[in-house]
Amino acid sequence: MSETKSPLLQVEDLVVRFPVGHGRVVHAVEGVTFDIPAGETLGLVGESGSGKSTTGFAILHRHQPTSGTLRFDGRDITHATGKELRALRRDMQIIFQDPYASLNARMKVGDIVAEPLIVHGLAKQGKELRERVGTLLEQCGLRAAAMTRYPNAFSGGERQRIAIARALALHPRLIVADEAVSALDVSIQAQIINLLADLQREQGLSYLFISHNLAVVRNLAHRVMIMYAGKVMELGPVEEIFERPRNPYTLALLSAAPVADPKIERRRERIVLRGEVPSVIAPPTGCRFNTR
């Protein structure tokens with residue numbers, strides 16, 4: 001499926017390192033390579049500190065890559081700055097993890113969603129802007145009247161819908177969803193996942209969906225990438241990764257995920273990783289990478 005489509009995003013040998021003083025460096029991302037075809041979702045999975053969010057932030061230039069190459073729609077954007085980076089913001093947006101922290105509590109919902117349109121000069125204050133904001137809110141399952149209220153009047157799931165509407169305002173082609181449902185109740189998670197899937201079908205969006213929730217990733221993603229200590233352990237189609245994992249770390253990660261059926265949960269083998277927790281200042285070497 002993905003082999004027949006040209007990549008919208010190409011990431012080649014991405015490295016992101018942060019100096020921490022005394023000559024020491026945090027190896028947050030080391031040699032990560034992948035691509036995302038137009039209209040598809042790559043699920044990025046790993047435990048806390050594995051480099052998932054840093055990878056997403058580097059693509060959006062919230063973190064500057066130390067080395068490697070980033071290409072968007074065939075254009076090299078590795079060193080994009082100024083006007084080029086500003087124009088790129090229209091094509092690449094982000095949905096943050098915490099819907100309570102990502103929305104300005106002092107701004108009305110209409111102003112939050114309208115802000116990207118105004119900043120990029122795509123709309124001016126007036127009836128047309130209000131209509132566009134109302135349409136965006138309705139696309140995300142809210143009423144247009146919500147634009148007159150403040151974020152504190154909404155639940156966590158509703159706030160995340162507002163954040164999605166804001167991300168959609170510029171008609172992006174790629175959205176980085178950074179743990180976009182992890183702060184929500186399980187029933188609300190399902191609603192937001194369904195919304196993201198519907199928007200993808202309607203608008204041809206591509207997602208880099210960052211998560212530690214394997215069940216959510218399996219439901220939404222076309223392919224899955226497993227990261228550990230800043231490196232890619234395994235990359236492939238979602239069903240192959242879940243049904244026939246090749247990397248020992250992937251096996252351990254899948255074995256730790258809960259199963260809804262208690263009978264299966266009691267019978268299945270739990271793989272426990274032994275040894276010291278790796279340090280990203282002195283990362284392990286010799287990790288085996290599996291791709292399909």
Side-chain angles (χ1 to χ4, degrees), residues 7 9-36 42-72 75-82 84-86 88-89 92-98 101-102 174-180 182 208-213 217 223-236 246-253 256 272-291:
L9 175 71
Q10 294 173 286
V11 178
E12 297 177 6
D13 201 23
L14 177 65
V15 174
V16 182
R17 296 173 181 165
F18 302 106
V20 291
H22 304 289
R24 298 184 303 169
V25 175
V26 171
H27 299 254
V29 177
E30 286 292 322
V32 169
T33 297
F34 64 91
D35 60 63
I36 305 178
L42 176 67
L44 179 48
V45 178
E47 58 193 271
S48 296
S50 62
K52 305 187 303 298
S53 295
T54 303
T55 298
F57 288 170
I59 291 167
L60 298 173
H61 287 270
R62 291 176 61 86
H63 295 322
Q64 186 62 37
T66 303
S67 64
T69 304
L70 304 174
R71 291 188 178 89
F72 186 83
R75 307 191 322 269
D76 190 331
I77 62 168
T78 311
H79 305 292
T81 57
E84 183 184 5
L85 182 58
R86 182 183 177 90
L88 193 62
R89 300 290 189 210
M92 303 167 65
Q93 286 290 305
I94 186 169
I95 303 168
F96 292 100
Q97 176 178 358
D98 188 352
S102 65
L174 172 71
I175 292 181
V176 175
D178 184 23
E179 299 278 9
S182 64
L208 176 61
F209 189 83
I210 301 168
S211 180
H212 62 270
N213 190 321
V217 169
R223 292 185 301 143
V224 181
M225 184 167 75
I226 308 293
M227 286 190 70
Y228 176 71
K231 297 182 179 181
V232 177
M233 296 292 101
E234 193 156 7
L235 172 63
R246 297 177 181 175
N247 190 278
Y249 178 72
T250 307
L251 285 165
L253 200 64
V272 179
L273 296 175
R274 304 188 183 281
E276 297 292 329
V277 176
S279 168
V280 290
I281 296 178
T285 59
C287 294
R288 183 182 176 188
F289 169 59
N290 297 102
T291 187

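Numbering starts at 1 and runs along the sequence shown.
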Applying side chain to side chain donor-acceptor pair (under 3.5 Å) to Thr78 and not counting sequence neighbours gives Asp76
Residues which pass ring pair (Phe, Tyr, Trp, His ring centres under 6.0 Å) with Phe72, listed by chain and number, not counting sequence neighbours: none
Heavy-atom pair of closest approach, residues Val217 and Gly43: CG1-CA, 4.0 Å
Salt bridge (Lys or Arg N to Asp or Glu O under 4.0 Å): which pairs involve residues 50-71, sequence neighbours left out? Glu12-Arg71
Sorted by chain and number, sequence neighbours left out, side chain to side chain donor-acceptor pair (under 3.5 Å) with Thr250 holds for Glu234
Using side-chain heavy atoms (C-beta onward) and a distance below 4.5 Å, is Asp35 in contact with Arg223? yes
Quick one: CG on Asp178 to CD1 on Ile94, what's the gap to the nearest 0.5 Å? 5.5 Å
Only counting residues at least two apart or in another chain, list the ones meeting side chain to side chain donor-acceptor pair (under 3.5 Å) with Ser182. Gln97
Sorted by chain and number, sequence neighbours left out, ring pair (Phe, Tyr, Trp, His ring centres under 6.0 Å) with Phe209 holds for none
Distance col, row His61:NE2 vs Arg89:CZ, nearest 0.5 angstrom, shows 7.5 Å
Residues in salt bridge (charged side-chain N to carboxylate O under 4.0 Å, His left out) with Arg17, at least two apart? Glu30
Let me confirm one number: the CG-NE2 distance from Leu253 to His212, rounded to the nearest 0.5 Å. 10.5 Å
Holding to side-chain contact (heavy atoms from CB on, under 4.5 Å), I want the full list of residues that pass it with Ala252, two or more places apart in sequence or in another chain. Ile271, Leu273
Suppose we screen for side-chain contact (heavy atoms from CB on, under 4.5 Å). Which residues come up paired with Asp98, at least two apart in sequence or across chains? Tyr100, Ala101
Looking at His63 and Phe18, would you say the former's side chain and the latter's main chain have a donor-acceptor pair under 3.5 Å? no
Which atom names give the shortest non-hydrogen contact between Val29 and Leu14, and what distance separates them? CG1-O, 3.5 Å
Measure the CG-CG distance between Leu70 and Leu60 for me, rounded to the nearest 0.5 Å. 10.0 Å
To the nearest 0.5 Å, atom CD1 of Ile226 lies from atom CG of Asn247 at 9.0 Å
Would you mind reporting whether Met92 and Ile77 have side-chain heavy atoms less than 4.5 Å apart? yes
Indicate the ring-plane relationship of Tyr249 and Tyr228, choosing parallel, tilted or perpendicular according to the 30° and 60° boundaries. tilted
Looking only at non-hydrogen atoms, find the nearest pair between Ser53 and Ile210 and report the distance. CA-CD1, 4.2 Å
Does Glu84 have any side-chain contact (heavy atoms from CB on, under 4.5 Å) partners at least two apart in sequence or in another chain, and if so, which? Ala80
For the student: nearest non-hydrogen atoms of Gly56 and Val176, plus distance: CA-CG1, 4.1 Å
Nearest heavy atoms of Val16 and Pro65, plus distance in Å: CG2-CA, 4.3 Å
To the nearest 0.5 angstrom, please state how far the CD1 atom of Ile36 sits from the CG atom of Leu44. 9.0 Å
Check the pair Val232 / Phe34 against side chain to side chain contact (heavy atoms under 4.5 Å, CB included), numbers first and verdict last. CA-CA 9 Å; Val232 177; Phe34 64 91; 5.7 Å; no
Which pair of non-hydrogen atoms, one from Asp13 and one from Thr33, has the smallest distance, and what is that distance? N-OG1, 2.8 Å
In chain order, what residues pass the side-chain contact (heavy atoms from CB on, under 4.5 Å) check against Val280, with sequence neighbours excluded? Val26
What residues form a salt bridge (charged side-chain N to carboxylate O under 4.0 Å, His left out) with Glu179, not counting sequence neighbours? none
